[in-house]
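The block underneath contains the structure these notes are about, expressed in structure tokens.
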Amino acid sequence: MSTIGVAASCSCLRPGVWLLKPGVQKMSCLGLHTAARCAAKDCYEVLVLGGGTGGITMSARMKRKVGAGNVAVVEPSKTHYYQPLWTLVGAGAKQLATSARPTESVMPQGVDWIKSRVTGLDPDENCVWLENDKKISYKYLIIALGISLHYEKIKGLPEGFHHPKIGSNYSVHTVEKTWRALQDFKEGNAIFTFPNTPVKCAGAPQKIMYLSEAYWRKTGKRSKANIMFNTSLGVIFGVKKYADALLEIIKERNIAVNYRRNLVEVRADKQEAVFENLDKPGVTEVHQYEMLHVTPPMGPPDVLINSPVSDEIGWVDVDTETLQHKKYPNVFGIGDCTNLPTSKTAAAIAAQSGVLDKTISMVMKNQLPTKKYDGYTSCPLVTGYNKVILAEFDYKAQPLETFPIDQSKERVTMYHMKADMMPLLYWNALLKGYWGGPAPFRKLMHLGLK
């Protein structure tokens with residue numbers, strides 16, 4: 001398939017709509033961003049699906065490229081969350097409210113905000129379907145629909161969250177329950193899980209474990225806690241350099257790691273967690289818990305499953321280097337909803353956004369994209385209330401570090417970067433389309449050593 005851009009037409013458009021005068025096109029702005037140009041259009045030059053990190057970032061970049069009135073974002077949620085902060089919220093180090101802002105406040109000024117859900121994609125006709133059978137056409141489509149949480153795939157959840165002693169940092173509805181369970185801990189097993197599916201921020205399931213251990217040390221409860229990390233994986237972390245550092249910490253802090261264990265049931269009334277042994281089909285283990293942190297199974301959004309834009313699993317099928325769709329050259333993907341073989345993080349989205357911006361520019365000019373994404377992603381592995389190992393790596397699981405120091409060591413400076421600097425960078429640079437990852441900074445840092 002050629003990656004040259006196509007001059008896609010708004011073929012789902014009602015005949016003659018572009019012939020109407022601007023005043024006639026300006027219909028009711030119901031469902032559109034109130035600060036935006038009030039034009040309930042049904043065709044846009046750039047349509048963005050999703051108002052999360054990737055969607056807002058790319059809509060800001062596209063606004064500068066084609067003009068605000070030619071860009072729309074489809075997003076039903078009224079609140080936008082900076083989810084990387086939830087690790088610290090679950091440990092009592094940050095307040096949940098500080099991670100939230102109204103979606104209206106982060107939507108680029110002038111861009112149309114369509115407050116609806118996507119119910120279907122028809123890339124052959126360059127249009128998508130929304131709730132109430134509304135059809136929106138596009139010339140270029142950016143899919144940034146994120147990843148879906150599936151607590152319901154664990155028997156006993158999500159209803160089990162109504163009981164004490166159980167929480168999850170992955171949901172706005174359960175992250176504060178983690179902090180409550182942490183505080184209420186008395187004596188027994190503290191179990192932290194990692195599911196048998198792709199997840200966003202793969203380091204988060206163990207970050208809360210290290211923070212919990214530190215909290216119990218501080219409060220004099222550590223000797224009463226048997227801390228267990230039950231992971232479906234066969235390794236503690238996918239990059240050896242950081243895995244070796246984490247295993248040293250695990251050994252020093254007397255944490256038990258049970259590999260190839262997948263949570264399949266929670267009996268919250270009995271405080272029991274049931275795990276399957278992935279190496280012994282049919283064999284299960286039951287553990288009593290005093291605290292349980294659940295990382296849910298995750299997967300592509302329902303609208304992408306069996307969609308023409310998706311692979312056989314349901315992830316948006318894009319080129320690993322350009323982020324252009326493999327079949328439809330005017331369709332692009334970014335972030336957690338794609339099948340890019342890298343860790344799903346906000347840092348990855350930042351790096352992808354810079355590449356995708358260049359890709360779309362070239363496609364709009366009917367030229368071949370030249371900028372290439374190397375799989376860069378980052379995971380600030382919080383190992384205490386003032387310590388972080390800053391993991392940065394590429395597609396090949398090789399370190400791709402920004403600073404000219406050994407980033408596999410715990411550092412106070414990296415904690416403050418995670419807790420204090422990164423939120424500022426997120427709200428004020430990334431979401432405004434001005435932060436494309438640390439690659440330029442990395443080059444300057446390393447050039448300075450030569």
Side-chain angles (χ1 to χ4, degrees), residues 50-56 75-103 106 117 144-184 190-209 211-212 229-232 262-268 271 273 289 291-303 335-337 343-346 349 379 382 423 426:
T53 304
I56 296 297
E75 172 54 54
S77 301
K78 295 179 180 179
T79 307
H80 182 102
Y81 292 99
Y82 176 56
Q83 296 181 32
L85 205 65
W86 289 354
T87 285
L88 300 179
V89 172
K94 294 285 185 179
Q95 296 297 311
L96 180 60
T98 63
S99 72
R101 292 191 182 180
T103 298
V106 300
R117 294 183 186 278
L145 289 170
I147 194 169
S148 293
L149 309 181
H150 292 292
Y151 289 102
E152 78 283 355
K153 291 188 177 181
I154 300 171
K155 186 177 179 181
L157 295 183
E159 61 271 18
F161 286 113
H162 294 302
H163 292 262
K165 309 291 187 180
I166 178 174
S168 175
N169 287 355
Y170 277 89
S171 168
V172 65
H173 304 295
T174 57
V175 61
E176 292 178 308
K177 294 179 183 293
T178 302
W179 175 228
R180 201 168 304 126
L182 184 53
Q183 292 174 294
D184 291 345
I191 307 176
F192 302 83
T193 74
F194 191 108
N196 192 28
T197 66
V199 299
K200 55 181 173 181
C201 193
Q206 55 184 300
K207 294 177 191 179
I208 186 59
M209 175 178 69
L211 285 162
S212 299
F229 186 53
N230 282 15
T231 173
S232 64
N262 183 45
L263 180 67
V264 293
E265 182 180 359
V266 174
R267 302 165 184 165
Q271 291 177 219
Y289 65 82
M291 175 185 172
L292 177 65
H293 178 269
V294 177
T295 300
M298 303 181 202
D302 288 344
V303 70
D336 298 351
C337 67
S343 187
K344 299 178 184 294
T345 68
I349 291 173
C379 183
V382 183
Y426 181 84

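- By the side chain to side chain donor-acceptor pair (under 3.5 Å) test, T193 is found to be paired with no residue, residues two or more places apart in sequence or in another chain being considered.
- Shown here are the salt bridge (charged side-chain N to carboxylate O under 4.0 Å, His left out) partners of K165, two or more places apart in sequence or in another chain: E290.
- Checked against side chain to side chain donor-acceptor pair (under 3.5 Å), N230 has the following partners two or more places apart in sequence or in another chain: N258.
- For H80, the ring pair (Phe, Tyr, Trp, His ring centres under 6.0 Å) criterion is met by Y426, W427, not counting sequence neighbours.
- In this view, V303 and V118, L121, L145, P301 satisfy the side-chain contact (heavy atoms from CB on, under 4.5 Å) rule, not counting sequence neighbours.
- Every side chain to side chain donor-acceptor pair (under 3.5 Å) that S77 has, sequence neighbours left out, goes to E75.
- Among residue pairs with one or both ends in residues 84-93, none qualify as salt bridge (Lys or Arg N to Asp or Glu O under 4.0 Å); sequence neighbours excluded.
- In this structure T231 satisfies the side chain to side chain donor-acceptor pair (under 3.5 Å) test with no other residue, sequence neighbours excluded.
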Identify each donor-acceptor pair in which a side-chain atom of residues 83-101 lies under 3.5 Å from a protein atom, sequence neighbours left out, and give them as a table.
| residue | atom | partner | partner atom | Å |
| --- | --- | --- | --- | --- |
| Q83 | OE1 | K200 | NZ | 2.7 |
| W86 | NE1 | S99 | OG | 3.0 |
| K94 | NZ | A419 | O | 3.4 |
| K94 | NZ | D420 | OD1 | 3.3 |
| T98 | OG1 | Q95 | O | 2.6 |
| S99 | OG | L96 | O | 2.7 |

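- Residues satisfying the ring pair (Phe, Tyr, Trp, His ring centres under 6.0 Å) criterion with F161, sequence neighbours excluded, are Y151.
- When the side-chain contact (heavy atoms from CB on, under 4.5 Å) test is applied to P198, the partners found at least two apart in sequence or on another chain are W315, K344.
- Not counting sequence neighbours, E152 has no partner by the salt bridge (charged side-chain N to carboxylate O under 4.0 Å, His left out) test.
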